[in-house]
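Here's the structure, in structure tokens; my notes come after.
These numbers come from the heavy atoms of this one structure, side chains and all, not from hydrogens, waters or symmetry mates.
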Amino acid sequence: MKEVSRRDFLVGSAGMGALVALGLAGCAPKGERKTAGEAQGGGSEGSARPDWLGEAPEIAESDIAETKDTAFLIVGAGNAGMAAAATACELGLDFALCEKNSFVMTTREFFGAVDTKWSKEAGFEADRGTLLNELARYASFKCNMDVLKTWINESGETFEWLEPFMAAGGKKPMFQGPSYPDPYESGCGGGKYYVPPIQHQYVDENFNAYSKPERNELLQEYIEGEGKEILFGHCLVKLEREDGGRVTGGIFETENGFVRINASKGVLIATGGYPANPDMINALLPIVPKVVTTNGYMTENDGLGIKAAMWIGADKQVEGTAMIFDRGGVDPDTCAGYQGEGDDRAFPGLFSQVKLGTQPFMKVNREGRRFVNESCPYDFIAHAASEQTDGVWCQIFDANAKEDIARFATTGCSNITNTFVKTDQTIDDYIKDWAEAGVYWKADTLEELADMLKLPKDEFLASVERYNALYDAQKDEDFGKEAYRLSAIRQPPFYGGWFGGNLLTTLDGLRIDGDCRVLDAGNKAIEGLFAAGDCSGGIFCGNYPEWYVGVAVGRTVTFGRHVARLLAGDLSA
């Protein structure tokens, strides 16, 4: 299996028993309300505490080698933490930024921002009420609408705030305009989605967002240029809280021993989700091993920040939510799910980000039958595959793929118009590396392709014949896919490739309110404790709303900045 590095992504209770014992105010009888950790189970028989949560470690006072004091403690130098630290630095708020690794985390560059000055100059403003309710509808309203509104109301300002930092690295803002002429008439996914123009990036002269330096590296330069130090090699061990009261700081393990950092104003957990923790995944997101074939996450994101907060009484979003892209390329024999044992468990796929996999070509299951509307959002395909044999699917297209892709007009990072359609590359050029690795297969006849892909020939050929008939009729009577996203499979050579889901991150973190304050099981804010990014919940449930390009990182950076502004007195509480 390919080794996954931190850069591969570019292609991430103690007190619970006491709360239950004491009972919580409200309508429910005392002692009957469960925290999210208890409700999600996973514990041994007779124990309310799930196995994945474990216990907060005991650290003797004699083992504390050093104590530091600050106003604002930030745990995690990722997309949220770096924004929080840069904002604190700018506003004169004393802070300590702790990161367990020796580097800042990889930047996610697609940034969902509402009503920036650039989108307004282009003549586009979002219908904020519709946007709010559409996002809530994605989550079946299992979300906190105040949290949603914080992103809607502040993301535009946050993206604009980044401009001088990005300019220092030669990056300029790019508003990518609407995906569809009428945001109320998206015409994708078998129905109508409201798709406002929110997609932004900072790009270099070649329109490359991921060229060096990245956003987090530029924020690091600013922070260190202002005389502030990022405390690398500081791994969070536990948070500290006064008995039933405010969170006072945390204890970190360093090469020089345990360090206590006291925070007089607040602690921000910005440690990412738990995609690299198989125990948490199996307990909280059982759909993942049913459909995922490749690691797309940052291997540093092990859920420790979420667990540390729960050990002192924080509550977690009840329903698990994974960000899964339909791009986990595999060979014809590979099934979804973990391989290996214990800490060595990993997904077996060959490539984590085969962007061509997202194109809405015909897709069939192990039995050679079409099973889904291929035009739906990324993780919807994976969800549908959970009902199919082995959790994988096969994508089929012919020699006219380039013309088909131009017509499909997909959105977000699946849009390969500039990197393929408008270039001199042939389809063979574009898939070369994937084909050599055994993800894509090419044949002069459909019969030969079926043999290569290990598909039942008769069923597969019948499925292709049916799909061609739907294309000729320009009406998908089987699954309701839009006519412009149908494609004929008649012109040799023919191509096929096997896929599963690519797990990027988890989105069901600590419950927060609109100010990113972490909530307990009684729905009360825990004084002094905040969370931002994938370690927080409240926005997504069950899926990632893919048509809202970059909403995840837009939310993450916006919330990190929000907490720093709040503690610095730059926002009203």
Side-chain angles (χ1 to χ4, degrees), residues 189-190 287 290-294 324 326-337 348-350 354 356-376 378-401 404-405 408 427 431 434-435 438-483 485-501:
I287 194 172
K290 291 191 67 174
V291 301
V292 167
T293 57
T294 59
I324 304 173
D326 52 348
R327 301 175 185 169
V330 296
D331 62 46
D333 293 313
T334 298
C335 306
L350 300 170
V354 184
L356 189 63
T358 296
Q359 297 301 318
F361 289 115
M362 176 186 176
K363 294 179 172 70
V364 298
N365 58 19
R366 286 285 196 213
E367 290 71 41
R369 297 192 303 271
R370 188 172 173 233
F371 64 97
V372 70
N373 175 355
E374 301 91 345
S375 186
C376 58
Y378 303 166
D379 56 359
F380 288 16
I381 295 288
H383 296 169
S386 71
E387 299 291 328
Q388 307 301 313
T389 304
D390 297 336
V392 293
W393 61 90
C394 188
Q395 179 192 62
I396 307 294
F397 52 92
D398 71 5
N400 294 316
D404 292 333
I405 293 169
F408 293 158
I427 187 65
I431 68 170
W434 300 322
V439 171
Y440 276 116
W441 299 78
K442 173 183 174 182
D444 291 326
T445 69
L446 288 167
E447 289 82 1
E448 292 174 324
L449 187 66
D451 289 337
M452 293 175 177
L453 296 171
K454 301 186 179 180
L455 286 166
K457 194 172 301 182
D458 291 344
E459 189 69 53
F460 170 65
L461 293 176
S463 294
V464 172
E465 182 178 3
R466 171 64 176 170
Y467 195 70
N468 284 334
L470 298 174
Y471 171 79
D472 292 340
Q474 286 294 282
K475 185 175 182 180
D476 183 3
E477 295 179 348
D478 294 344
F479 294 100
K481 184 160 71 174
E482 307 79 24
R485 284 187 166 173
L486 294 168
S487 56
I489 306 174
R490 291 192 173 107
Q491 181 62 47
F494 302 100
Y495 302 83
W498 281 101
F499 288 87

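Not counting sequence neighbours, Asp331 has no partner by the salt bridge (Lys or Arg N to Asp or Glu O under 4.0 Å) test. Under the salt bridge (Lys or Arg N to Asp or Glu O under 4.0 Å) criterion, Lys475 pairs with no residue, sequence neighbours left out. Contacts of Phe460 classified as ring-ring contact (aromatic ring centres under 6.0 Å, His included), with partners at least two apart in sequence or in another chain: none. With sequence neighbours excluded, no residue forms a ring-ring contact (aromatic ring centres under 6.0 Å, His included) with Phe494. Every residue two or more places apart in sequence or in another chain was checked for a side chain to side chain donor-acceptor pair (under 3.5 Å) with Tyr471, and none qualifies. When the side chain to side chain donor-acceptor pair (under 3.5 Å) test is applied to Glu465, no partner is found at least two apart in sequence or on another chain. Residues forming a salt bridge (Lys or Arg N to Asp or Glu O under 4.0 Å) with Asp476 (at least two apart in sequence, or on another chain): Arg370. Applying the salt bridge (Lys or Arg N to Asp or Glu O under 4.0 Å) test to Asp458 and every residue at least two apart in sequence or in another chain returns nothing. Every residue was checked against the side chain to side chain donor-acceptor pair (under 3.5 Å) condition with Lys290, not counting sequence neighbours, and none meets it. Partners of Asn468 according to the side chain to side chain donor-acceptor pair (under 3.5 Å) rule, which considers only residues two or more places apart in sequence or in another chain, do not exist here.
Here the side chains of Ile381 and Phe499 are not in contact, with every heavy-atom distance at 4.5 Å or above. Inter-residue side-chain proximity for Asp478 and Tyr467 is flagged as unmet; no heavy-atom pair is nearer than 4.5 Å. With a 4.5 Å cut-off on side-chain heavy atoms, Thr294 and Val354 do not count as touching. Side-chain contact between Ile427 and Leu356 is present, with at least one heavy-atom pair separated by less than 4.5 Å. Looking only at side-chain heavy atoms (C-beta outward), Thr334 and Val392 stay at 4.5 Å or farther from each other. A 4.5 Å side-chain heavy-atom check between Glu482 and Pro360 finds every atom pair outside the cut-off.
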Glu447 vs Leu461, test: side chain to side chain contact (heavy atoms under 4.5 Å, CB included). Steps then yes/no. CA-CA 8 Å; Glu447 289 82 1; Leu461 293 176; 3.8 Å; yes

Please step through side chain to side chain contact (heavy atoms under 4.5 Å, CB included) for the pair Cys376 and His383, ending with a clear verdict. CA-CA 11 Å; Cys376 58; His383 296 169; over 6 Å; no

Go through the steps to decide whether Tyr378 and Thr358 satisfy the test side chain to side chain contact (heavy atoms under 4.5 Å, CB included), and finish with yes or no. CA-CA 7 Å; Tyr378 303 166; Thr358 296; 3.1 Å; yes

One pair to check against side chain to side chain contact (heavy atoms under 4.5 Å, CB included): Phe361 and Phe408. What are the steps and the verdict? CA-CA 9 Å; Phe361 289 115; Phe408 293 158; 3.6 Å; yes

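Taking CE of Met362 as the start and CD1 of Ile396 as the end, the distance is 6.5 Å to the nearest 0.5 Å. Interatomic distance, Trp441 CH2 to Leu455 CG, rounded to the nearest 0.5 Å: 12.0 Å.
Salt bridge present: Glu374 and Lys481 bring a charged side-chain N and a carboxylate O closer than 4.0 Å.
Sorted by first and then second residue, the salt bridge (charged side-chain N to carboxylate O under 4.0 Å, His left out) pairs with a member in residues 391-400 form an empty list; sequence neighbours excluded. Among residue pairs with one or both ends in residues 388-397, those qualifying as side chain to side chain donor-acceptor pair (under 3.5 Å) are Asn365-Gln388, Arg366-Asp390, Glu367-Thr389, Gln395-Tyr440; sequence neighbours excluded.
Without hydrogens or angle criteria, Trp498 side chain to Asp333 main chain gives no donor-acceptor distance under 3.5 Å.
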